[in-house]
Amino acid sequence: LMYRSVAGGCCDCGDPGAWKSSGFCCDHKGPTEAFQLPLPEAELRAAYVTAHALVKHLANALTGYYERAKEELKEGFQSRMPEGYKALLELVQKMCVGGDVYRRIVCSAVLEDIGMANSAYRPEGVADAREGKHELVLLEALVRAGTHLSTEMSTLFLQMLFDFDFKREFTRVFIRMYKDFMVTILLLQEQKEIPTRMVDISVQLFSNSVLTVTMIREEKLLSTLFTNVLALCNAQAGDASEMTVSCEHAVWTKRTYWPITNDLVNILSHRAVVIEFLMDPQLVLEWLVVIQRFQAMDTHSRQQDVHIEVENRQWTSPFFIELELVMEQLGLLETGLMHNMGPDPEVLVDSQALIGSMQQILGMGIQHLDAWLRLPAAGIQHLDA
């Protein structure tokens, strides 16, 4: 299966998080512990050094370029990427699309671990990048340049995500820099294709249930998404943490939050994630804080003796916010919970532990509702949990 988009796609065959290993084809056998590329040592080392130097120069050059041009973002400077940088990007892309061998070399170079291409060449004392103990300096620099969501960088990432080991480490950095991606989307609200480029990447990462659960545990994935929703609330008027959400603000009318809610739907569609979420009351509490932030966002005033000729279109923003930020998630939680408590569960659940967690969650929900009902009628304030 291949997800296709304007920027490319990623094949799921060989991805143990997509389906069982017994279903892999002969060309995509999945990640192995001792990966050995079929290249002579001299050629492999030369290709690795070249790819590393090329990607390092590209990441540093693009980072510097974007930092110098930040003030021009709203005027569409992304479309004016210097031709020299485009040529370098195209060269790296050609290496990735040339086959699994050179894609693996490029991914190894970005992770700065030649042992990923051939474990025999890893220097003594150097950590395996796949063990999570390896500093991802070059990958972080490359993703930082990619947070500006140019077509060329988004395409390169999708081409590299065919490599499962790279995909895992890329996902870590993507989550850590999620806020930077959203900053770009805020700056370029008028360009509708920008959020799509982010989602084209994230759908490849969070469609994998095994990887998604790992990232929730190790990289605070769900907390990151909730934090970014709250950041959008504050973005409507600087630090507006104690203001009611204004439905007429461009943040909401242009549905700038869509990449976040799209990721939430994708993530919570995994039944294993539903159990992970419900077994952690702190995560549920963070979600309740987000939901509470949107209370009183669509206040109505009664008018008497006045004929309303045109209905206010302001209602559309709160309608979509409620649908995409609350109702879809509730539906997914209900579906996942019912399935896992049924006769053929996907995830083995400690029923007593789950019931205890749900009781705690219900208590928190009642507390939040009570606190909100006690607030003055003029508006709602953000409550620290």
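Positions are given from 1 along the sequence.
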Exercise for review: Compare all side-chain heavy atoms of Phe164 with those of Asn208 and state whether any distance is below 4.5 angstrom.
Suggested key: yes
Check your understanding: Do side-chain atoms of Ser269 reach the backbone of Asn266 as a donor and acceptor pair under 3.5 angstrom?
Key -> yes
Review point. So does Glu322 have more than 12 non-hydrogen atoms from other groups sitting under 6.0 Å from CD?
Key: no
Check your understanding: So, the side chain of Thr212 versus the backbone of Ile267: is there a donor-acceptor pair under 3.5 Å, distance only?
Key -> no
Review point. Do Asp263 and Tyr178 get their side chains close enough for a donor-acceptor pair, meaning under 3.5 Å?
Key: yes
Check your understanding: Are the aromatic ring centres of Tyr48 and Tyr121 under 6.0 angstrom apart?
Key -> no
Exercise for review: List the atom of Pro259, the atom of Met198, and the distance in Å for their closest heavy-atom pair.
Suggested key: CB-SD, 4.1 Å
Point to revise | In one Ile/Leu/Val/Met/Phe/Trp/Tyr side-chain cluster, 4.5 Å: Ile321, Met327 | key: yes
Review point. Do Ser108 and Asp113 meet the criterion of a side-chain donor-acceptor pair at a distance under 3.5 Å?
Key: no
Check your understanding: Can you list the steps and then say if His52 with Val49 is a side chain to side chain contact (heavy atoms under 4.5 Å, CB included)?
Key -> CA-CA 5 Å; His52 183 271; Val49 171; 5.8 Å; no
Exercise for review: Write down the atom of Asp165, the atom of Arg104, and the distance for their closest heavy-atom approach.
Suggested key: OD2-NH2, 2.9 Å
Review point. Are the side chains of Asp280 and Ile216 in touch, meaning some heavy atoms are under 4.5 Å apart?
Key: no
Point to revise | Test item: Ile175 and Phe206 side chains (from C-beta on) under 4.5 Å apart, heavy atoms | key: yes
Study note, to complete from the structure: The salt bridge (Lys or Arg N to Asp or Glu O under 4.0 Å) partner of Glu218 among Arg176, Arg172, Arg168 is Arg172
Check your understanding: Quick check: does any side chain N or O of Ser357 sit under 3.5 Å from a backbone N or O of Leu278, one acting as donor and the other as acceptor?
Key -> yes
Study note, to complete from the structure: Heavy atoms of Leu149 and Phe181 approach each other most closely as CD2-CD2, 3.7 Å
Check your understanding: Knowing that exactly one of Arg271, His270, Arg217 qualifies, which makes a side-chain hydrogen bond (donor to acceptor under 3.5 Å, both in side chains) with Glu276?
Key -> Arg217
Exercise for review: Could you tell me whether the side chain of Thr196 reaches within less than 4.5 Å of the side chain of Asp200, counting heavy atoms only?
Suggested key: yes
Exercise for review: Treating Ile, Leu, Val, Met, Phe, Trp and Tyr as nodes and any side-chain heavy-atom pair under 4.5 angstrom as an edge, say whether Leu139 and Val137 lie in one connected cluster.
Suggested key: no
**Study point:** Heavy-atom side-chain contact between Gln159 and Val106 under 4.5 Å
**Key:** no
Check your understanding: Any salt bridge between Asp100 and Arg103, counting N to O under 4.0 Å?
Key -> yes
Check your understanding: In Å, rounded to the nearest 0.5 Å, how long is the span from CD of Gln93 to CG of Leu156?
Key -> 5.5 Å
Exercise for review: Would you mind reporting whether Asp163 and Met116 have side-chain heavy atoms less than 4.5 Å apart?
Suggested key: yes
Review point. Same cluster or not: are Leu330 and Val229 linked, directly or through other Ile, Leu, Val, Met, Phe, Trp or Tyr residues, by side-chain heavy atoms under 4.5 angstrom apart?
Key: yes
**Study point:** N-O pairing of Lys86 and Glu90 below 4.0 Å
**Key:** no
Check your understanding: Under 30°, 30 to 60°, or over 60°: which ring-plane class applies to Phe170 and Phe157, parallel, tilted or perpendicular?
Key -> tilted
Check your understanding: Hey, are the side chains of Tyr102 and Cys96 touching, using non-hydrogen atoms and a 4.5 Å cut-off?
Key -> no
Review point. Checking Thr261 side chain against Trp258 main chain: does a donor-acceptor pair fall under 3.5 Å?
Key: yes
Review point. Any side-chain heavy-atom pair from Leu62 and Tyr85 closer than 4.5 angstrom?
Key: yes
Review point. Looking only at heavy atoms, which two atoms of Leu89 and Met153 are closest? And how far apart?
Key: CD2-SD, 3.4 Å
